[in-house]
Amino acid sequence: MIVAYGFANLLQSIAAARTTVHHTFDPGLLLRLAGHRTYLVGLLCQITGFVLAFLARRDLPLFLVQASVAAGLGVTAVIGVVVLKWRLPAAEVALLVLLFGGITALVLAAEPAPSRQLGTAGLVGLVGALGLISVLGFFAARLHGPPGSVVLGSLAGMAFSAAAVAARPLASADSAEAFVRDPLLYLLIVHSVVGQLLLGLAMQRGSTTAAVAAMDAAGAVPAAIVGLLLLNDRIWPGREWLAGIGFLATLAAVVGLTRYAEPQHHHAVARAARERPMIAAAAAARPRQ
């Protein structure tokens, strides 16, 4: 799951940087992004990670699963070093170690347990959250630069957080028929699509750091709180301190890693953009046989 999200982060951000910037809350952006093979491969990786995360939410608390999803950025950094030849400063190595330690602490603190059902009030809350996120996204799409990345990334994280809340009780469905008939399934799908659109808009604003950091924080914290209060998420007795430290360490490492990943990512995209015209010019100047 963490590896799949790591590949998805890198590939989708590259595709978003190569797509014309949109300043409206237009679902057509997803169709334009789908025209990039890089985005489609990244989307496949994200779907794979989503399915694995969905299965994990059946018994594992949301604070562990959502933190693991955010930890995919650590894999993104490693991929950048191996494939794109990013530099790996000592501070980034320390952040990767902190990330591994945070996830380990959460694994040790999390007590597996089936979810409690949300009920009618929970469904109404998810519908209300969808409407609020969509309205705010409509206006936030007009923002430019880092402020747009932060606001749109935060809204994307909230949408994905709501999808995670819907997925936790849905994963405990007794049968395929109950799964398909459950309104949570359709709320999960719509929240995920809205989150995907908002994330694409956020990544186009030129600051992958701001977009990813805001998304991870806004996606992990609300889901963790709702899970503990309403969905029967549990921590082993006496390990509450370990869960708190692990959660904060994971989020701090993720935010820190985005600071190092962004400049190298944009440098790689800009370099690829410069090389394409040079290659085309060389091909045109080559004598015909």
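Residue numbers run from 1 in the order of the sequence given. All values below come from the heavy atoms of this structure, side chains included, with hydrogens, waters and symmetry mates left out.
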Using a 4.5 Å cut-off on heavy atoms from C-beta on, say whether the side chain of [Y] contacts that of [X].
X	Y	result
I225	V221	yes
L143	L152	no
I103	S68	yes
V165	L230	no

Assigning hydrophobic clusters by single linkage (Ile, Leu, Val, Met, Phe, Trp, Tyr; side-chain heavy-atom cutoff under 4.5 Å), is [X] placed with [Y]?
X	Y	answer
L242	L248	no
L201	L132	yes
L231	L185	yes
V124	L130	no

Straight-line distance of [X] [atom1] to [Y] [atom2], nearest 0.5 Å:
X	Y	atom1	atom2	result
S149	M215	OG	CE	12.0 Å
L184	L126	CG	CG	6.5 Å
S192	I47	OG	CD1	10.0 Å
D182	L118	CG	CG	9.5 Å
L64	F247	CG	CZ	10.5 Å

Working note: F50 + L188, criterion side chain to side chain contact (heavy atoms under 4.5 Å, CB included); need CA distance, chi angles, decisive distance, verdict. CA-CA 11 Å; F50 175 83; L188 167 65; 3.6 Å; yes
To check you understand the geometry: which heavy-atom pair defines the closest contact between [X] and [Y], and what is its length?
X	Y	result
G102	T250	C-OG1, 3.3 Å
L198	G137	CD2-CA, 3.9 Å
P222	S161	CB-OG, 3.6 Å
A220	L251	CB-CD2, 4.0 Å
F63	A224	CB-CB, 3.7 Å
A243	I235	CB-CD1, 3.8 Å

May I have all residue pairs that pass salt bridge (charged side-chain N to carboxylate O under 4.0 Å, His left out) and include part of residues 153-170, sequence neighbours excluded? R168-D233
Please identify each residue that fulfils side chain to side chain contact (heavy atoms under 4.5 Å, CB included) with [X], with sequence neighbours left out.
X	result
E111	R234, W236, P237
F100	T104
W241	I245
V127	L187

L62 vs V226, test: side chain to side chain contact (heavy atoms under 4.5 Å, CB included). Steps then yes/no. CA-CA 9 Å; L62 289 179; V226 172; 5.6 Å; no
Distance-only, no hydrogens or angles: does the E240 side chain make a donor-acceptor pair with backbone N or O of G238 under 3.5 Å? yes
Look at the side chain of Y186 and the backbone N and O of R181, then say whether any donor-acceptor pair between them is shorter than 3.5 Å. no
Among residues two or more places apart or on two chains, list those pairs meeting side-chain hydrogen bond (donor to acceptor under 3.5 Å, both in side chains) that have a residue in residues 47-67. R57-Q66
